[in-house]
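Working notes, structure below.
Order of the sequence lines fixes the chain letters, A, B, ..., with proteins taken first and strands second; residue numbering starts at 1 for each chain. It should be emphasised that the depicted structure is a prediction, and the values quoted were computed from it without experimental measurement.
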Number of protein chains: 2
Amino acid sequence: MAKTAIPDAPEGKAQTPAFSPLYQQIKQLILGSLQQGEWQPGEAIPSELELAARFKVSQGTVRKAIDELAAENLVVRRQGRGTFVATHAEQHTQYRFLRLVPDSGSLDSEGPAQRDIVACKRMRAAGDVAQALALRAGEPVLQITRLLTFQGVPTILEDLWLPATPFKGLTAERLADYHGPMYAMFEAEFGVRMVRASEQIRAVVAHDEQAQLLAVSTGSPLLSVERTAYTYNDIPMEWRRGLYRTDTHHYHNELS
Amino acid sequence: MAKTAIPDAPEGKAQTPAFSPLYQQIKQLILGSLQQGEWQPGEAIPSELELAARFKVSQGTVRKAIDELAAENLVVRRQGRGTFVATHAEQHTQYRFLRLVPDSGSLDSEGPAQRDIVACKRMRAAGDVAQALALRAGEPVLQITRLLTFQGVPTILEDLWLPATPFKGLTAERLADYHGPMYAMFEAEFGVRMVRASEQIRAVVAHDEQAQLLAVSTGSPLLSVERTAYTYNDIPMEWRRGLYRTDTHHYHNELS
DNA sequence: GAGTGGTCTAGACCACGCG
DNA sequence: GCGTGGTCTAGACCACTCA
């Protein structure tokens with residue numbers, strides 16, 4: 001490992017040389033190992049001293065690289081124990097990407113959600129789906145429709161689209177049989193790890209079918225939440241559109 | 001300054017001594033100076049070496065304290081120039097707390113918003129307002145109603161409530177005369193700096209008056225965005241409820 | 001007690017902005 | 001050329017976890 005910052009690969013027409021510091025290079029190397037699956041979700045990665053020795057840099061430099069990975073929630077530090085690959089399969093990260101909370105209390109206090117798979121079918125990607133998933137229109141995708149019910153109240157109705165290839169073999173049965181968050185299943189069964197997502201939120205009114213499934217009247221206001229979820233390297237691997245009832249829950253967001 | 005981590009003040013019934021590291025103590029001292037107004041928004045704070053000398057710690061310790069303040073957006077680092085107190089009065093932080101973006105393009109590309117003050121009156125806090133602002137019911141507050149229009153389309157209708165005391169002398173005229181974000185005015189004219197906010201989002205339908213002001217039909221779906229904004233030390237200083245049209249814009253949120 | 005992450009230091013050098 | 005923040009190192013010690 002070079003001891004000083006080296007210029008980025010001079011591909012394209014980089015106008016500025018754009019130096020990248022050593023710890024950024026280390027970060028990319030660790031990211032590569034995460035991506036290659038060298039360490040599984042929930043497992044510990046090597047200690048800072050080990051990594052420092054492997055890359056021939058000081059512990060401080062590795063530390064700064066890991067600090068950034070931890071800030072991006074790709075990795076979790078636990079003092080006295082080690083640094084672990086982030087996973088969706090743990091209690092306190094159950095609903096990592098779900099911002100809907102009850103008007104009083106917390107999602108945890110409501111107990112586990114009831115998950116009903118309404119449909120799961122293979123189809124060809126329409127224009128909007130293809131664009132969101134960075135596919136060509138017509139490429140095969142899986143569409144899943146499901147309903148989440150909290151404390152007996154149907155609250156979220158959502159459609160998900162997944163690229164068919166990485167999720168080969170996914171069926172309604174396998175979805176129904178798996179107990180735990182869907183993203184945890186994607187990790188365990190298909191090796192697909194969602195690390196980041198982007199949401200677009202709008203207010204809409206319920207259509208007939210939607211209203212029926214959510215047990216509200218047609219024309220009721222609903223929150224439309226469109227989410228694109230990404231794996232490493234900003235590759236989109238899921239697009240979903242959720243309709244949220246907001247008469248008992250609300251979407252919570254912290255700004256700073 | 002103590003050279004080693006010291007126990008927190010043993011007030012209450014702290015079960016664990018709870019040590020706080022030196023850099024956290026430094027962070028609190030700097031926070032105190034920010035709060036006391038030792039440095040104004042937009043101004044540079046002393047250099048890391050100066051602060052290190054003042055507090056009798058190493059530059060690295062000061063650095064870590066400032067790193068956290070920068071992560072919380074209380075302060076902005078600029079290489080080669082210094083570290084500056086965050087402000088709402090700058091171009092690229094114009095709409096720091098506004099997550100509404102046009103379906104295509106960006107808020108910047110839409111040019112400046114038209115701001116119309118619909119009303120501004122002094123009143124006594126109702127229960128919900130008092131609770132949000134941590135006041136007693138009946139204490140005096142200011143209520144402002146305004147309409148934001150982007151490219152000719154009225155898009156946001158919002159009511160704001162402010163505690164009357166810190167905002168003594170605020171009138172509809174002063175609001176209309178000030179050009180720039182409202183939070184910038186609060187900073188410049190009243191010394192109130194919003195550093196953090198929390199939002200609750202729901203889908204609602206437009207009532208008659210609201211529909212008229214937003215130029216949509218009664219019963220149209222709207223995003224209801226309730227925001228509590230805080231100054232230093234988590235003191236709430238504003239509560240607002242906005243109604244957003246989401247036919248041309250959407251609420252954008254990044255998850256990780 | 002061994003091993004891990006977390007803190008703190010001191011000093012060297014680099015990249016950047018500005019006069 | 002100077003001062004600023006940014007990087008990198010090496011080493012000491014602390015706090016936490018677990019066997």
Inset, instruction - Compare the minimum distances between each of dG5(C), dC16(C), dC8(C) and the side chain of Gln79(A), then state the nucleotide with the smallest one. - result: dG5(C)
Inset, instruction - Please answer whether the main-chain N or O of Gly242(B) pairs with a side-chain N or O of Glu226(B) as donor and acceptor at a distance below 3.5 Å. - result: no
Inset, instruction - Look only at the side chain of Thr149(B) and the backbone of Gly152(B), and say whether a donor-acceptor pair between them is shorter than 3.5 Å. - result: no
Inset, instruction - Could you check Arg81(A) against Lys64(A) and say which one's nearest nucleotide on DNA chain D is further toward the 5' end? - result: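 Closest to the 5' end, via its nearest nucleotide, is Lys64(A).
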Inset, instruction - Check whether any side-chain heavy atom of Arg77(B) lies under 4.5 Å from a side-chain heavy atom of Arg63(B), and answer yes or no. - result: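 Yes, at least one pair of side-chain atoms sits under 4.5 Å.
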Legend entry - Asp103(A) side chain near His250(A) side chain, heavy-atom distance below 4.5 Å: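 Asp103(A) vs His250(A): side chains touch.
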Inset, instruction - Give a yes/no on whether any side-chain N or O of Thr83(B) is located under 4.0 angstrom from OP1 or OP2 of dT4(D). - result: no
Inset, instruction - For the pair Glu158(B) and Arg241(B), find out whether any cationic side-chain nitrogen is under 4.0 Å from an anionic carboxylate oxygen. - result: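 Looking at Arg241(B) together with Glu158(B), the answer is no, because their closest N to O distance does not fall below 4.0 Å.
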Can you tell me the distance, in whole Å, between the [atom1] atom of [X] and the [atom2] atom of [N]?
{"X": "Gln59(B)", "N": "dA10(C)", "atom1": "CD", "atom2": "P", "answer": "11 Å"}
{"X": "Lys27(B)", "N": "dC8(C)", "atom1": "NZ", "atom2": "P", "answer": "13 Å"}
{"X": "Gln24(A)", "N": "dG6(D)", "atom1": "CD", "atom2": "P", "answer": "13 Å"}
{"X": "Ile66(B)", "N": "dG6(D)", "atom1": "CD1", "atom2": "C1'", "answer": "13 Å"}
{"X": "Arg77(A)", "N": "dT17(D)", "atom1": "CZ", "atom2": "P", "answer": "15 Å"}
{"X": "Tyr23(A)", "N": "dC13(C)", "atom1": "OH", "atom2": "C1'", "answer": "16 Å"}
{"X": "Leu22(B)", "N": "dA10(C)", "atom1": "CG", "atom2": "P", "answer": "11 Å"}
{"X": "Phe19(B)", "N": "dT7(C)", "atom1": "CZ", "atom2": "C1'", "answer": "13 Å"}

Using a 3.5 Å cut-off and no angle test, enumerate the donor-acceptor pairs between side-chain atoms of residues 176-187 of chain A and protein atoms at least two apart in sequence or in another chain.
| unit_1 | atom_1 | unit_2 | atom_2 | d |
| --- | --- | --- | --- | --- |
| Tyr183(A) | OH | Arg227(A) | NH1 | 3.0 |
| Tyr183(A) | OH | Glu238(A) | OE1 | 2.5 |
| Tyr183(A) | OH | Arg240(A) | NH2 | 3.4 |
| Glu187(A) | OE1 | Thr87(A) | OG1 | 2.6 |
| Glu187(A) | OE2 | His88(A) | N | 2.9 |

Inset, instruction - Using heavy atoms and a sub-4.0 Å distance, could you list which residues of residues 33-50 of chain B are near DNA chain C? By number, please. - result: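 None, since no heavy atom is under 4.0 Å.
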Legend entry - Sugar-phosphate only, base, or nothing, as touched by Arg78(A) at under 4.0 Å among non-hydrogen atoms: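 The residue Arg78(A) makes sugar-phosphate contact but no base contact.
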Legend entry - Pairwise salt bridge (Lys or Arg N to Asp or Glu O under 4.0 Å) hits with a residue in residues 22-42 of chain B, at least two apart: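 Those involving residues 22-42 of chain B are Lys27(B)-Glu68(B), Lys27(B)-Glu72(B), Glu38(B)-Arg54(B).
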